[in-house]
Amino acid sequence: MMASTLLNSTCNGGAAKFDYVGLKPAAATTYPTFLPARPSYRARRPSIRACEKHHGGSVQKVGLTDAECEALVVAGKAPEAPPAPPRPAAPLGTPVVRPLQISRRPRRNRRSAVLRSAFQETSLSPANFVYPLFIHEGEEDSPIGAMPGCYRLGWRHGLVEEVSKARDVGVNSIVLFPKVPDALKSPTGDEAYNENGLVPRTIRLLKDKYPDLVIYTDVALDPYSSDGHDGIVREDGVIMNDETVHQLCKQAVAQAKAGADVVSPSDMMDGRVGAIRTALDAEGFQHVSIMSYTAKYASSFYGPFREALDSNPRFGDKKTYQMNPANYREALIEAGEDEAEGADILLVKPGLPYLDIIRLLRDNSSLPIAAYQVSGEYSMIKAGGVLKMIDEERVMMESLLCLRRAGADVILTYFALQAARCLCGEKR
């Protein structure tokens with residue numbers, strides 16, 4: 001293998017030769033070394049273009065026609081232009097080397113903010129966000145300890161104000177999660193389809209005030225279940241599938257009657273998308289969409305959310321219906337079933353730890369893909385920011401951009417308002 005000669009400038013202007021294996025042989029050419037001191041550049045003198053003159057400190061036109069300007073150039077009297085920009089000097093001691101013989105230099109497209117913006121492959125806007133909002137029956141907003149900046153909002157007051165703030169910066173889609181009084185919870189979750197329950201009342205209120213607001217709802221029994229599970233629990237601890245689906249259909253219809261735009265089954269029961277589609281259509285709600293929690297994993301990132309709704313399972317876990325975090329191909333099975341049953345949107349939850357699943361669904365389905373940046377992801381970024389371990393705002397925006405890059409069309413995120421304000425140029 002041949003060696004190439006590289007020259008290394010020294011502080012006294014001399015050059016030392018070094019051989020590096022693997023580079024092309026240097027031609028017999030003398031390369032200049034960098035001078036010990038940075039060159040001084042002649043200050044640019046003001047110049048007058050052929051069609052301009054100075055007047056009062058500003059450049060004024062002199063009234064020549066295009067033909068007269070061209071004639072001056074043809075006669076060799078081209079107007080003086082500023083000098084070409086000087087080549088910036090390298091630091092002292094920088095080696096003078098033969099340029100690498102490469103035709104493709106990707107850094108050329110990254111060398112300025114304008115070029116980076118022009119060639120950016122993934123965009124992020126407030127229209128991509130769905131804002132999850134917690135609601136309760138009270139009038140005051142209650143802070144959620146595990147989720148700094150998030151509150152259980154009074155459905156008639158704080159919620160309306162928060163929605164107004166979101167709309168001001170372009171976030172016009174929300175999803176509602178209710179904190180249901182314990183006295184209304186039951187083993188079969190009947191409160192879920194009470195047409196005068198917290199969620200239907202809230203939908204009617206918001207639609208009355210903001211008719212064009214897009215309202216997503218959560219379809220699952222866990223906020224209404226005295227057992228804290230997404231379905232009806234048999235006495236031996238088994239989550240009953242078909243009986244739960246029956247309840248979910250009634251819940252989805254009640255939400256559609258109140259004015260919901262998108263119902264979102266998050267329960268992970270088998271066959272629930274098809275059953276809900278049939279129930280909605282039978283009641284005349286063919287226009288209501290279904291966003292299925294297609295790949296909802298039995299994740300440890302949900303803890304703060306369950307604190308917010310006081311919906312921790314009374315016993316056991318959710319591993320018999322939520323997916324195993326170790327599984328990848330299984331997501332294709334769930335996606336295939338949901339798509340065949342009439343889902344309009346496929347959702348992956350959690351978001352950032354499951355970017356591969358988002359990309360998997362994106363590459364295998366033509367349906368819109370949603371990602372849920374869950375409470376644990378939100379709280380970790382918030383905590384890291386408070387402790388000054390990370391730049392909260394930059395990490396927030398990067399995390400959302402990564403979800404979009406992986407293939408998510410919409411993102412359910414508690415950062416929706418904060419991120420939209422950043423995108424709109426507002427300061428936190």
Side-chain angles (χ1 to χ4, degrees), residues 1-124 390-391 393-395 397-398 401-402 405 422-427:
M1 186 176 293
M2 301 186 69
S4 175
T5 302
L6 283 77
L7 302 180
N8 184 39
S9 64
T10 61
C11 292
N12 60 8
K17 292 185 177 180
F18 297 93
D19 289 335
Y20 289 89
V21 175
L23 299 181
K24 295 182 179 180
T29 306
T30 301
Y31 297 99
T33 59
F34 290 111
L35 297 176
R38 293 179 180 271
S40 59
Y41 299 107
R42 179 173 58 88
R44 295 181 181 177
R45 293 182 292 105
S47 61
I48 302 176
R49 298 180 185 178
C51 297
E52 299 173 341
K53 68 178 180 180
H54 280 288
H55 180 72
S58 61
V59 178
Q60 300 293 324
K61 295 180 180 179
V62 296
L64 296 180
T65 66
D66 291 349
E68 290 170 332
C69 289
E70 291 176 356
L72 288 174
V73 174
V74 172
K77 298 178 181 179
E80 182 183 354
R87 180 172 296 182
L92 293 176
T94 300
V96 179
V97 302
R98 181 182 180 84
L100 297 174
Q101 301 302 304
I102 53 177
S103 60
R104 182 74 63 192
R105 291 180 180 262
R107 286 187 57 190
R108 286 194 284 256
N109 290 342
R110 303 195 291 264
R111 70 181 185 273
S112 76
V114 173
L115 287 173
R116 291 192 297 272
S117 179
F119 304 135
Q120 182 167 314
E121 301 172 19
T122 305
S123 63
L124 185 67
I390 58 173
D391 183 317
E393 187 174 291
R394 289 179 179 273
V395 172
M397 298 305 292
E398 183 178 340
L401 191 65
C402 289
R405 188 195 65 230
C422 290
L423 290 170
C424 291
E426 294 186 21
K427 294 187 179 296

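The first residue in the sequence is number 1, and the count goes up from there. Keep in mind that this is a model prediction, so the values were computed, not measured.
- Nearest heavy atoms, Glu68 versus Gly63: OE1-O, 4.4 Å.
- Not one N or O on the side chain of Glu121 forms a donor-acceptor pair closer than 3.5 Å with the backbone of Phe119.
- Under a cut-off of 6.0 angstrom, the local environment of CZ in Arg111 is sparse, with at most 12 non-hydrogen atoms contributed by other residues, nucleotides or ligands.
- The environment of Arg116 atom CZ is dense: over 12 non-hydrogen atoms of other residues, nucleotides or ligands sit within 6.0 angstrom.
- To the nearest 0.5 Å, atoms CE (Met397) and SG (Cys422) are separated by 5.5 Å.
- Counting heavy atoms from C-beta on, the side chains of Leu115 and Arg108 never come closer than 4.5 Å.
- Cys69 approaches Leu64 most closely through the heavy-atom pair SG-CB, 3.9 Å.
- Of the inter-residue distances, the one linking Arg107 atom CZ with Asn109 atom CG reads 12.0 Å to the nearest 0.5 angstrom.
- The CD atom of Gln120 sits 11.5 Å away from the CZ atom of Arg405 when rounded to the nearest 0.5 Å.
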